[in-house]
Amino acid sequence: MRILIILIALCAILPASAQIPSLQKSGQVTHMMVQGKPFLMIGGELHNSTSSSIDYMEKLDIWGTIEKAHYNTVIASASWELVEPEEGRFNFEQVDYLINNARERNLKLVLIWFASWKNGASTYVPGWVKRNPKKYRYVQNSKGELLNVVSPVQNEAAMQADARAFAGLMQHIRETDPDHTVIMMQVENEVGVLSSVRDFSPEAQKAWKGDVPADLITYLQAHKGKLFPELEKVWAANGYKTKGNWETIFGVSTTNTDDWKAYPYYSEELFMAYHYAKYIGTVAAMGKKEKNLPMYCNAWLKQPSGGYPGKFPSGGPLPEVLDVWRAAAPSVDFLAPDIYTDEFDYTLKQFSLGGNPFLIPESTFEISKELYAIGAYHVLGFCPFGIDVNGGDFSMAATDDKTLDNLYRGNALLRNMDQLILAQYGTENLRGIYVDEVNPKASLEFGEYLLDFSLSAPSGSTQNDGTGTGFRKSRKNGGALVLRAGPETLYILGKDIRIAYRLKEAKTGQYAATESVEEGRFVNNQWVPGRRINGDEQYFVSFGDVKAVKVVLYKAPFENRMLF
Ligand code: DGJ
């Protein structure tokens, strides 16, 4: 309590610009604090190679595209190979360019540290690491073949080299970014072993046969009863043992299943998670010593097309190994999902378990999903991937113009009501709804009223699936964010969704009806009305393209329906 009072007092004394970005937890709510107040990240991520060239960014007017789209934050990469091209010699030219340009435009930056791993592989390590596999060891599969994956298992030389470089970057940010344009760091990218369930190198074999480390056991004991359900299950099934190797404590994994939500090779996944977390936790901690910004790790999801460790990166920061990451990497503040699948709600639910505050650092361009994630899960932010170029050779994430236009307009709507939204985080006054072709109907309760939502989407949006095989359509979907401003007053942002009302408890002679419906928008968190919706158009509220409406409900003594 005393610490909290001191912190609040400090916030009051320090100028907003000097307050370092942080995550502030109070009860169940975590706010990202930027310049002393809660921040909603309406962001987007650049393609992987974009920020490696100043010329390229200038020629394609990337900053112009970002501004046109109304993002308030850009996620861009800083890679180890460019930051430390020769051991001990640093080059921050690209990083400075990103910070200076973001600052000039009043944008915030999240930097991705592409270092030991990117999508499982180790392609971003500098040449001097690539050329020395004896010193910086690599993962081996069960046949003893080397993979292009730096081993996270007790690979001290690699871990220290990565951590030193990251600390150098954070020192540079501390020295050159006093007003905190950089608000957060992503440490590595979608880590985990692909094409093998775990590392089988001699060092890894020794660790696999050795005792489960004491720090993990201590964490398990302290959190018994509150662990991720599958972890609790396998530990309990083996008698809650506290000494022994991975298979003694967590069991010999089941391996065969057709269910992508099951946990085959779970002991192997836990083992890899521990070692990735140990390594990345050390990198993050060294960086935080230089500048204590919030830091997270993003995950390539376990999904219907890949439910086995090795099909998705084994050991990556996924919900089923959240406890292991927390035990081994306390310096990593949260685990974040990259969501390209249609299993949107399932993913959000899984990542919320264990009170993990998160943002979605990569996703498709669908505003319906953004509205839902913010409204229902009170996420720190939402960021589509590949915001700089739409189409062409380099676009991994191209989409159709209409989808983009909706996203841009949605961004502007959300940014202009961000403080109203954030003020309701953790309360029932901020809700979200998501419907799609598989689940086309859903309802929300607001006091005495029930709102019935149904899908009205004409077509799915197109989104490149990133496999180079062309465009795929995501499932047709619709979404809404509902902000309750009074017992009968709702502000609703929606896309491809239709709403009908009824009373929660049906009473004879009383019906839910709308007193008024108006379109509009917020400007600096103040409602500015537009069209008043009445006549034939007031019987239900319908959204096609994204828009905001204000609805005032009341209890009428008659049914408000077409009278013919
Ligand atoms: C996920 C990765 O994290 C990104 O860096 C990028 O490669 C996208 N996939 C491409 O779809």
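Here the structure is a predicted model, which means the values were calculated and not measured. Read the numbers this way: they start at 1 and go in the same order the structure lists the ligands and their atoms.
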Where ligand 1 meets N189 - atom numbers and elements under 4.0 angstrom, heavy-atom basis:
2 (C), 3 (O), 5 (O)
Counting both backbone and side chain atoms, is some N or O of E190 under 3.5 Å from an N or O of ligand 1?
yes
Report the distance from atom CG of L40 to atom NE2 of H378, rounding to the nearest 0.5 Å.
11.0 Å
Just heavy atoms, cut-off under 4.0 Å: does F385 contact ligand 1 by side chain, backbone, both, or neither?
side chain
Centroid-centroid under 6.0 Å between H275 and F271 rings:
yes
Answer yes or no: is there a side-chain heavy-atom contact under 4.5 Å between M272 and W208?
no
Salt bridge present between D199 and R137 (N-O < 4.0 angstrom)
no
I need the atoms of ligand 1 closer than 4.0 Å to a non-hydrogen atom of K118, numbered in the order shown.
2 (C), 4 (C), 5 (O), 6 (C), 7 (O)
Need the ligand 1 atom indices (1-based, order shown) with element for anything under 4.0 Å from a heavy-atom of D338.
3 (O)
If you count the atoms of ligand 1 from 1 in the order shown, which ones are under 4.0 Å from a heavy atom of E362?
1 (C), 2 (C), 3 (O), 4 (C), 5 (O), 8 (C), 9 (N)
Under 4.0 angstrom from ligand 1, any heavy atom of H47?
no
Member of W80, W113, F114 meeting the ring-ring contact (aromatic ring centres under 6.0 Å, His included) criterion with Y124:
F114
Residue pairs, two or more places apart or on separate chains, that pass ring pair (Phe, Tyr, Trp, His ring centres under 6.0 Å) and touch residues 314-337
Y296-F334
